[in-house]
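Report on one structure; see the data block that follows.
Note that these values count all heavy atoms, side chains included, but never hydrogens, waters or copies made by symmetry. Here the structure is a predicted model, which means the values were calculated and not measured.
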Amino acid sequence: MMLMVVERKPMMPQVVMKVTVAGKPEDSSCFLLLLPHAEEQRLGVGLFYRAKRSGLLLRMGSRETPGDDDNNTSEEDFEGNKDGEREQEQIEETENEASVGDEVEEPEEEHNEFIKAAAVRNQRHHTGWRIMSQEQVKEVPYTRLCSTKNIMTVNGQFPGPTLYVTKGETIIVDVINKSPHNITIHWHGVKQPKYPWSDGPEYITQCPIQPGGKFSQRVIFSEEEGTLWWHAHSDWTRATVYGAIVIYPKKGTEYPFPTPHADVPIILGEWWKKDIFEIFDQFRASGADPNVSDAYTINGQPGDLYNCSKSDTFKLSVDYGKTYLLRLINAALQDILFFSITDHQVTVVGTDASYTKPLKVDYIAISPGQTIDVLLEANQPLDHYYMAAKVYSSANGVPYDNTTTTAIVQYNGNYTPSSTPSLPYLPSFNDTIASVNFTGHLRSLTDNNHPIHVPLSISTPLFFTVSVNRFTCANTSCGVTQSRLAASVNNISFQTPTRMDILRAYYNQINGVYDDHFPDKPPLFFNFTADSIPLIYETPSKGTEVKVLEYNSTVEIVFQGTNVAAGTDHPMHIHGTSFYVVGWGFGNFDKDKDPLRYNLVDPPLQNTITVPKNGWSVIRFKATNPGVWFVHCHLERHMSWGMEMAFIIKNGRGKKAQMLPPPPYMPPC
């Protein structure tokens, strides 16, 4: 096994990404990629994108999961995780044999061609091996808004490294926790067929990786194609621990649109000057809304409109006449965002790793957790143009960050740019109609190569109210109101276990960790969206309840928003499945009239859907992925307050319908 060190001089502070390609022993190789810190920030996210621009080399391979069926992964593939253990031993042995100063072997021509294919023309790659990636979680000092603080990062990068895979592949990621905090990593939108053990939510499918600990996560891609992302799933650590996942079509297949000249992740985030753990602790102690962020970011940078930020603003260079695929991800903790580009329309072609009918728009509304793929045509006069994002906040009287983050689309060529780019049109911060008008126009592609399978007959109808609530405090420690904010699903505020995760308790049939009596409907029906609701409805019950689903059951969930303590939007995310969004509306759901307006022909396939303020959304899916799967609002404050629950999907008949056994090592509690 050979270690290749690719180095760019002069030496500067480094970020490190280590990838091992594990296959036949004689063909295995390990590449250690070193990126200068300043160069990494200038070039933005995406390892292949940076590698091409920096003249650096990174080769990644993987092995496809057999076939297209979610249930084709065999139990033998996971027995004892022996391959993963041998791969890790090879990494450690190789690291002892080489260092940064070793002589660099010249990359072969095929490696250069691989980078060109992956980064420039987006041609499909497939080398037939699995990948092992070592992700080191550690604290690193970063400077934004004129001040420096330590933040949690993966491999020292913010945002973290982009993972590039091909549809149907399986990868192995070693997460090594070198930070002083607990951590878990979730692969958002990756279904993980029959293998919830690597899904990541803390105390739901695993206990946290403690400081100094390590967890080898097997990430199984199946039907997903497009853009997803990964992020921390432990308290609010995902404020800075996140990155993109790019899933290319299989070899021999193409995009359902003309191949773009290049594709670029565009990750929207939030930044606080204070330490995020301090923000979280204050939030938990006060019982009130958290302090709002000091800035929004695009690919980790606030942009021109903030102090001490202009020189580091993210810039996207484009050639006139070419088309670029922008992979938008909302990684913000607390806010839905509007996004647009001055003087440019974009064409939506995908959402949550599923293709959509082309939709040309002036702006985008994107919720935390969601991904949206858009095509940008560089068809305007040569100049610099802002891309920008700002908040959509519908809750009355709730503080919000009213700043605007910017990046620059700069055309290549010989010209003098305008002195100051103009900002694009963005809807008002509380424009609910603008938000739902965008999401309501999304439609699945539904061509011969991308069929959909909407359940038409429902065996398990569910009605879930999603509410902001209040608990009465025992004393005045949480303020003059003597109450603290809470949240619930079906009037149950979820209490996260602390001594053992739910998956382990379910698999080993251990009692006392959770109950399986989550109700199919709320305890009481009333006018959920009335302007004034009796205070008696504000207090929820507490519990660690899950809903058990039969294998192969067809499920419909009506998510009903309420105005109990505060009406607002709720981006609801379900782990382990994608679902069809068949309907939405305002007010109270009408079981007799509203189903008549369902879209059962081409509804969008998503993993996160926003329930509009004082409105409802309806989803459908088939429960074919056995395991424990988390359901929660992706506004971090709402999840912390208890707007969450979990599904247990039971095993079906036959080996292909059975949950796979756990790996030999899981993080201890």
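Between Tyr363 and Phe438, the ring planes lie tilted relative to each other; the angle falls in the 30° to 60° range. In this structure, Trp584 and Phe586 have perpendicular ring planes: the angle between them is above 60°, well past the 30° mark. The aromatic rings of His638 and His570 sit tilted, their planes meeting at an angle between 30° and 60°.
For the pair Ile247/Leu228, a side-chain contact is recorded, criterion being any heavy-atom separation below 4.5 Å from C-beta on. Inter-residue side-chain proximity for Arg144 and Pro302 is flagged as met; some heavy-atom pair is nearer than 4.5 Å. A 4.5 Å side-chain heavy-atom check between Gln282 and Asn291 finds at least one atom pair inside the cut-off. At least one side-chain heavy atom of His188 sits under 4.5 Å from a side-chain heavy atom of Asn607. The shortest side-chain heavy-atom distance between Phe429 and Tyr400 falls under the 4.5 Å cut-off. Under the 4.5 Å side-chain criterion, counting only non-hydrogen atoms from C-beta, Met645 is not in contact with Ile492. At least one side-chain heavy atom of Ile276 sits under 4.5 Å from a side-chain heavy atom of Leu333. Taking 4.5 Å as the limit, some side-chain heavy atom of Glu556 sits within range of a side-chain heavy atom of Val618.
For Asp520 and Lys547, the salt-bridge test passes: some basic side-chain N is under 4.0 Å from an acidic carboxylate O. With respect to Arg637 and Asp289, a salt bridge is recorded, a charged nitrogen being found less than 4.0 Å from a carboxylate O. A salt bridge does not link Glu139 with Lys178: none of the charged nitrogens is closer than 4.0 Å to a carboxylate oxygen. The pair Asp501-Arg504 counts as a salt bridge, with a side-chain nitrogen and a carboxylate oxygen less than 4.0 angstrom apart.
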Please report the C-alpha distance between Tyr537 and Phe526 in whole Å, then the side-chain angles of each, then the deciding distance to 0.1 Å, and finally whether the ring-ring contact (aromatic ring centres under 6.0 Å, His included) criterion is met. CA-CA 10 Å; Tyr537 296 143; Phe526 55 93; 4.2 Å; yes

Before giving the answer on ring-ring contact (aromatic ring centres under 6.0 Å, His included), spell out for Phe464 and Phe518 the whole-Å C-alpha distance, their side-chain angles and the decisive distance to 0.1 Å. CA-CA 10 Å; Phe464 288 179; Phe518 191 88; 5.2 Å; yes

For a side-chain hydrogen bond (donor to acceptor under 3.5 Å, both in side chains) check, start with the C-alpha distance between Ser179 and Asn177, then their side-chain angles and the critical distance, and finish with the verdict. CA-CA 6 Å; Ser179 81; Asn177 188 3; 2.7 Å; yes

Candidate pair Val564 and Val468, rule side chain to side chain contact (heavy atoms under 4.5 Å, CB included), full reasoning: CA-CA 6 Å; Val564 171; Val468 175; over 6 Å; no

Step by step, work out the side chain to side chain contact (heavy atoms under 4.5 Å, CB included) result for Gln217 and Trp187. CA-CA 10 Å; Gln217 295 186 254; Trp187 318 95; 3.2 Å; yes

Given side chain to side chain contact (heavy atoms under 4.5 Å, CB included), test Glu278 with Trp272 step by step and report yes or no. CA-CA 10 Å; Glu278 182 180 347; Trp272 283 260; over 6 Å; no

ring-ring contact (aromatic ring centres under 6.0 Å, His included) assessment of Trp197 paired with Tyr507: CA-CA 11 Å; Trp197 306 100; Tyr507 187 80; 5.1 Å; yes

Leu268 and Tyr296: CA distance, side-chain angles, deciding distance, side chain to side chain contact (heavy atoms under 4.5 Å, CB included) verdict: CA-CA 7 Å; Leu268 309 177; Tyr296 297 110; over 6 Å; no

Pair Arg597, Asp594 - check salt bridge (Lys or Arg N to Asp or Glu O under 4.0 Å), show working. CA-CA 6 Å; Arg597 301 189 291 117; Asp594 289 327; 2.9 Å; yes

Test ring-ring contact (aromatic ring centres under 6.0 Å, His included) on Phe463 and Trp616 and set out the steps. CA-CA 10 Å; Phe463 190 101; Trp616 52 268; 9.7 Å; no

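Counting only N and O atoms by type, the side chains of Asp569 and Ser394 include a donor and acceptor under 3.5 Å apart. Checking Thr432 against Tyr392 by side-chain atom types alone, a donor-acceptor pair falls below 3.5 Å. Between Asn588 and Asn527, the side chains place a donor N or O and an acceptor N or O closer than 3.5 Å (distance only, hydrogens not considered). Using a 3.5 Å distance cut-off with no hydrogens or angles, the side chains of Thr205 and Trp629 do not pair a donor with an acceptor. With 3.5 Å as the limit, one finds a donor-acceptor pair spanning the side chains of Gln658 and Asn651. Side-chain atoms of Asn182 and Ser234 include no donor-acceptor pair closer than 3.5 Å. Side-chain contact of Ser488 with Asn469: a donor-acceptor pair under 3.5 Å is present, judged by distance alone. Residues Asp401 and Ser293 have side chains that bring a donor and an acceptor to within less than 3.5 angstrom of each other.
In this structure, Thr529 and Gly561 approach most closely via the heavy-atom pair CG2-O, 3.7 Å. In terms of heavy atoms, Gly269 sits closest to Tyr242 at CA-OH, 4.0 Å. Of all the heavy atoms in Thr240 and Met152, the pair that sits closest is OG1-O, 2.7 Å. Across all non-hydrogen atoms, the minimal contact from Thr610 to Ser617 is O-OG, 3.3 Å. Across every non-hydrogen atom of Pro208 and Glu202, the tightest pair is CB-OE2, 3.2 Å. The two residues Leu605 and Asp352 make their nearest non-hydrogen contact at O-CB, 4.4 Å.
Separating the CG atom in Leu524 from the CG atom in Asn491 is a distance of 9.0 Å, to the nearest 0.5 Å. Remark: Ser216 OG to Tyr665 OH distance equals 11.0 Å, nearest 0.5 Å. Atom OG1 of residue Thr460 and atom CG of residue Leu549 lie 6.0 Å apart, to the nearest 0.5 angstrom. Between the OG atom in Ser553 and the CZ atom in Phe621 there is a gap of 7.0 Å [rounded to 0.5 Å]. Atom CD in Glu644 sits 9.0 Å away from atom OG1 in Thr544 (nearest 0.5 Å). Taking OG from Ser493 and CE from Met643, the interatomic distance works out to 9.0 Å, rounded to the nearest 0.5 Å.
A distance-only check finds a donor-acceptor pair linking the side chain of Asn490 to the backbone of Thr465 [under 3.5 Å]. Looking at Glu270, its side chain never comes within 3.5 Å of a backbone N or O of Thr297 through a donor-acceptor pair. A donor-acceptor pair under 3.5 Å links the side-chain atoms of Gln210 to the main chain of Pro668, judged by distance alone. For Thr624 (side chain) and Asn552 (main-chain N/O), no donor-acceptor pair under 3.5 Å exists by modelled atom type.
No option in Thr608, Thr371, Ile366, Ile372 other than Ile366 meets the side chain to side chain contact (heavy atoms under 4.5 Å, CB included) test with Asn330.
Both cation-pi conditions hold for Lys542 and Phe471: the charged atom is under 6.0 angstrom from the six-membered ring centre and inside a 45 degree cone around its axis. Cation-pi contact between Lys149 and Trp271: present, with separation from the ring centre below 6.0 Å and deviation from the ring axis of at most 45°.
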